[in-house]
Amino acid sequence: MDLEKHPAAAPAPAPAASAPAGLRASDADRDRIAQILGDAVAEGRLTAEEHSDRLDTLYAVKTVGELEALVRDLPAPGGVHASPVYAAPSSAPGGPAETIVAVCSSSARKGRWRPGAQTRAISVMGDITIDLTEAVFEQQVTEINVTCVLGNVEVLVPENVTLRGYGSGVLGNFEVRGEGRGESDPQAPVVIVRGFALLGNIEARPKLGARLVDLARKLRKRLDG
């Protein structure tokens with residue numbers, strides 16, 4: 001009989017815990033999934049219609065598990081599988097979020113400018129114009145978050161950009177025109193406007209005659225480079 005003592009085998013490390021599927025999704029979770037969907041349509045993994053459907057679902061679902069289902073068949077940036085949602089956050093393309101404020105005044109962003117992936121607009125008894133018709137987009141999905149109190153905020157986009165809106169108004173108006181237009185370019189950016197208007201007006205619409213061109217070529221060069 002072998003009386004030599006052997007050290008007990010170390011227990012196998014427990015698998016890393018993943019975020020519970022029923023956990024409520026945060027804005028950061030939705031932003032990461034929106035970026036994965038944007039990359040997928042630019043690479044041809046999703047059609048424009050599939051991208052539009054998933055983007056609509058993205059802002060309707062509530063939990064992490066429901067978000068995971070949207071990208072389970074897609075690779076994350078860098079070739080890593082997109083699921084689970086709770087990956088280490090990467091720096092957002094386009095730099096930090098820009099904040100545009102108008103308090104009893106007016107403010108505008110227009111001309112040849114570079115909007116980031118996230119832009120915040122806050123209007124308190126003021127007017128804000130965000131004109132993207134000549135903007136240089138450096139990401140597929142651009143999100144504008146608007147808070148409007150006794151003011152007016154207008155967002156203009158090129159007519160071939162996909163425009164989506166999620167918001168509400170209390171004794172005010174939140175209106176996004178041109179959603180679901182068939183002529184949207186599948187390679188053009190997606191602009192999402194989310195907002196809340198209290199005794200104010202938020203309006204987003206395409207500017208007829210203004211079209212974004214050559215984005216598909218630029219995206220392909222970036223992917224090939």
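The first residue in the sequence is number 1, and the count goes up from there.
- Put simply, CD1 on Ile128 and OG1 on Thr119 are 11.0 Å apart, with the number rounded to the nearest 0.5 Å.
- The shortest distance between side-chain heavy atoms of Phe137 and Val190 does not fall below 4.5 Å.
- Val170 and Ile202 are not part of a single hydrophobic cluster, where members link through side-chain heavy atoms under 4.5 Å apart.
- A 4.5 Å side-chain heavy-atom check between Phe174 and Val193 finds at least one atom pair inside the cut-off.
- Here CZ of Arg24 is found 9.5 Å from CD of Glu66. Values are rounded to the nearest 0.5 Å.
- Contact between Ser123 and Gly151 at its shortest, heavy atoms only, is OG-CA, 3.7 Å.
- Taking each heavy atom of Asp127 and Ala102 in turn, the nearest pair found is O-CB, 3.7 Å.
- Using a cutoff of 4.0 Å between basic side-chain nitrogens and carboxylate oxygens, Arg205 and Glu154 are scored as salt-bridged.
- Placement of Leu74 and Ile33 within a single hydrophobic cluster is found when ILVMFWY residues are connected by side-chain heavy-atom separations under 4.5 Å, directly or transitively.
- In this structure the side chain of Val176 never reaches within 4.5 angstrom of the side chain of Tyr166, judged on heavy atoms.
- In this view, Asp131 and Thr133 satisfy the side-chain hydrogen bond (donor to acceptor under 3.5 Å, both in side chains) rule, not counting sequence neighbours.
- No donor-acceptor pair under 3.5 Å is formed between the side chain of Arg177 and the backbone N or O of Pro206.
- Atom CD of Glu159 is separated from atom NZ of Lys207 by 11.0 Å, given to the nearest 0.5 angstrom.
- Closest heavy-atom contact between Ala25 and Leu67: CB-CD1, 3.4 Å.
- Rounding to the nearest 0.5 angstrom, the gap separating the CG atom in Leu171 from the CG atom in Leu199 is 5.0 Å.
- When the side chains of ILVMFWY residues are joined at heavy-atom separations under 4.5 Å, either directly or via intervening members, Ile144 and Trp113 end up in a single hydrophobic cluster.
- Thr57 meets the side chain to side chain contact (heavy atoms under 4.5 Å, CB included) test with Val61, Leu70; sequence neighbours excluded.
- Each of Leu156 and Val141 belongs to its own hydrophobic cluster when Ile, Leu, Val, Met, Phe, Trp and Tyr are linked at side-chain heavy-atom distances under 4.5 angstrom.
- When all heavy atoms of Pro189 and Gln139 are compared, the closest pair comes out as CB-O, 4.2 Å.
- Residues meeting the side chain to side chain contact (heavy atoms under 4.5 Å, CB included) test with Val124, sequence neighbours left out: Val103, Ile122.
- A side-chain donor from one of Gln118 and Asn145 sits under 3.5 Å from a side-chain acceptor of the other.
- The hydrophobic clustering, which links ILVMFWY residues whose side-chain heavy atoms are closer than 4.5 Å, places Leu150 and Leu198 together.
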